[in-house]
Amino acid sequence: MRHYQRLVLAFTAAALLGSTSRAAAQQKLSIEGHGGIAIPTSDLADLEDAGPSFGVGLTYDLSPRIAIRVAGDVDILGGVDSDGSGPEAPDMNIYHYNAGLGFRLLDPEAGRVTLDVNVGAGLSTLDVDSFSVGGQTVDFSETYFTANGGLKLGYDVAPGVNVFVGGQAYLIFSDGEDTAVFGQLRSDVDTFDTAWTRPLTVGLPIRI
């Protein structure tokens, strides 16, 4: 009798394990949260200092190595301090909305370490605190086309749960006629028709 009970338990355990494995294999959708620091570079660095960055992403697997990705991020930048070039620059929030493809460079079945790259495009809104130029108040909030790409190094801490460190780069195709107003505020800021931010973040994607 005990042999039959053990046999039944063995079959039950195998069935549950198989069911869990199939469920994990069917988890193609994952949601991600991440946070870190955004570093403005190039001409934007003359206007803004580094600041915190936060975002969320949604990924759907097309295959074990390729996924569709949509994401939203905000970079919270502080204006550079007042100096001989002009008054303190206004703070700026940059909102990114993008979609693209993700590629897993390592075989997902080979181990727990993950290395992913992503490329995409979307929009970025430069939303600047009000400031004065020539006695007039300027409210600057403009949205531009953006290209982006990034790299993430992660580790699967549990089935369907990963932690990562990563870097992303956003190339914002701004309008020089719009950004000329910053040159009127500070003499060390040139008119720019492209702007770069590079968030460095840690994140937690979870398959759902």
Side-chain angles (χ1 to χ4, degrees), residues 24-42 44-45 48-78 91-108 112-128 140-175 192-208:
Q26 293 170 355
Q27 289 178 315
K28 294 187 175 183
L29 187 66
S30 64
I31 187 168
E32 167 193 314
H34 52 262
I37 183 171
I39 303 172
T41 58
S42 190
L44 190 59
E48 301 296 325
D49 290 327
S53 177
F54 303 97
V56 294
L58 195 64
T59 301
Y60 182 81
D61 292 343
L62 298 176
S63 74
R65 303 289 287 267
I66 302 174
I68 295 176
R69 182 175 183 269
V70 295
D73 298 270
V74 57
D75 301 332
I76 305 171
L77 308 178
D91 295 342
M92 177 186 296
N93 292 343
I94 304 180
Y95 301 93
H96 306 286
Y97 334 92
N98 59 86
L101 293 175
F103 304 91
R104 298 183 179 93
L105 302 184
L106 302 179
D107 184 354
R112 292 191 172 190
V113 177
T114 61
L115 183 62
D116 302 344
V117 296
N118 66 80
V119 292
L123 300 172
S124 291
T125 298
L126 278 61
D127 187 25
V128 183
F140 188 100
S141 183
E142 300 290 344
T143 299
Y144 305 107
F145 175 77
T146 301
N148 65 281
L151 178 70
K152 297 190 296 187
L153 177 65
Y155 185 80
D156 292 333
V157 295
V161 182
N162 180 274
V163 293
F164 71 82
V165 294
Q168 195 79 7
Y170 291 99
L171 173 57
I172 305 166
F173 295 91
S174 54
D175 188 325
F192 53 91
D193 52 17
T194 57
W196 285 91
T197 65
R198 292 179 167 87
L200 303 175
T201 60
V202 296
L204 181 71
I206 301 176
R207 291 190 177 273
I208 56 177

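Residues S53 and D75 have side chains that bring a donor and an acceptor to within less than 3.5 angstrom of each other. Between the side chains of T114 and N162, at least one donor-acceptor pair of N or O atoms lies under 3.5 Å.
F192 has its side chain out of reach of S42: every pair of non-hydrogen atoms, C-beta onward, lies at least 4.5 Å apart. Contact of the I94 side chain with the L77 side chain is registered, since non-hydrogen atoms from C-beta on lie closer than 4.5 Å. By the 4.5 Å heavy-atom criterion applied to side chains, V128 and D91 are not counted as neighbours. Side-chain contact check for L101 versus I68: some heavy-atom pair is nearer than 4.5 Å. For the pair P205 and F164, the minimum side-chain heavy-atom distance is below 4.5 Å. Residues R69 and N98 form a side-chain contact, since some pair of their non-hydrogen atoms from C-beta on lies under 4.5 Å apart. Side-chain atoms of L58 and V56, non-hydrogen and from C-beta on, never get closer than 4.5 Å to each other. Between V119 and F103, the closest side-chain pair of non-hydrogen atoms falls below 4.5 Å.
Taking OG1 of T143 as the start and CD1 of I172 as the end, the distance is 10.5 Å to the nearest 0.5 Å. Taking CH2 of W196 as the start and OG1 of T146 as the end, the distance is 10.5 Å to the nearest 0.5 Å.
Sorted pairs that involve residues 113-128 and meet salt bridge (Lys or Arg N to Asp or Glu O under 4.0 Å), not counting sequence neighbours, are lacking altogether.
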>> T125 vs H96, test: side-chain contact (heavy atoms from CB on, under 4.5 Å). Steps then yes/no.
In response: CA-CA 7 Å; T125 298; H96 306 286; over 6 Å; no
> Could you go step by step and tell me if L151 and L153 meet the side-chain contact (heavy atoms from CB on, under 4.5 Å) rule?
Replying inline: CA-CA 7 Å; L151 178 70; L153 177 65; over 6 Å; no
> Between L171 and T194, is a side-chain contact (heavy atoms from CB on, under 4.5 Å) present by the stated rule, with each step listed?
Replying inline: CA-CA 7 Å; L171 173 57; T194 57; 3.9 Å; yes
>> Under the criterion side-chain contact (heavy atoms from CB on, under 4.5 Å), I'd like the reasoning laid out for F173 against D193: C-alpha separation, chi angles, the key distance, then a yes or no.
In response: CA-CA 6 Å; F173 295 91; D193 52 17; over 6 Å; no
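Surrounding CZ of F145 are more than 12 heavy atoms belonging to other residues, nucleotides or ligands, all under 6.0 Å away.
The ring-ring contact (aromatic ring centres under 6.0 Å, His included) search around F140 returns F182, not counting sequence neighbours. With sequence neighbours excluded, no residue forms a ring-ring contact (aromatic ring centres under 6.0 Å, His included) with Y155. Looking at residues two or more places apart in sequence or on another chain, you find no ring-ring contact (aromatic ring centres under 6.0 Å, His included) involving Y97. Among residues two or more places apart in sequence or in another chain, the salt bridge (charged side-chain N to carboxylate O under 4.0 Å, His left out) test is passed with D61 by R104, R207.
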For residues 31-39, please give each side-chain donor-acceptor pair under 3.5 Å, one per line with the distance, not counting sequence neighbours.
from, atom 1, to, atom 2, distance (Å)
E32, OE1, K152, NZ, 3.0
E32, OE2, H34, ND1, 2.7
H34, NE2, D73, OD1, 2.5

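In plain terms, the two heavy atoms of R65 and D107 that are nearest each other are NH1-CA, 3.9 Å.
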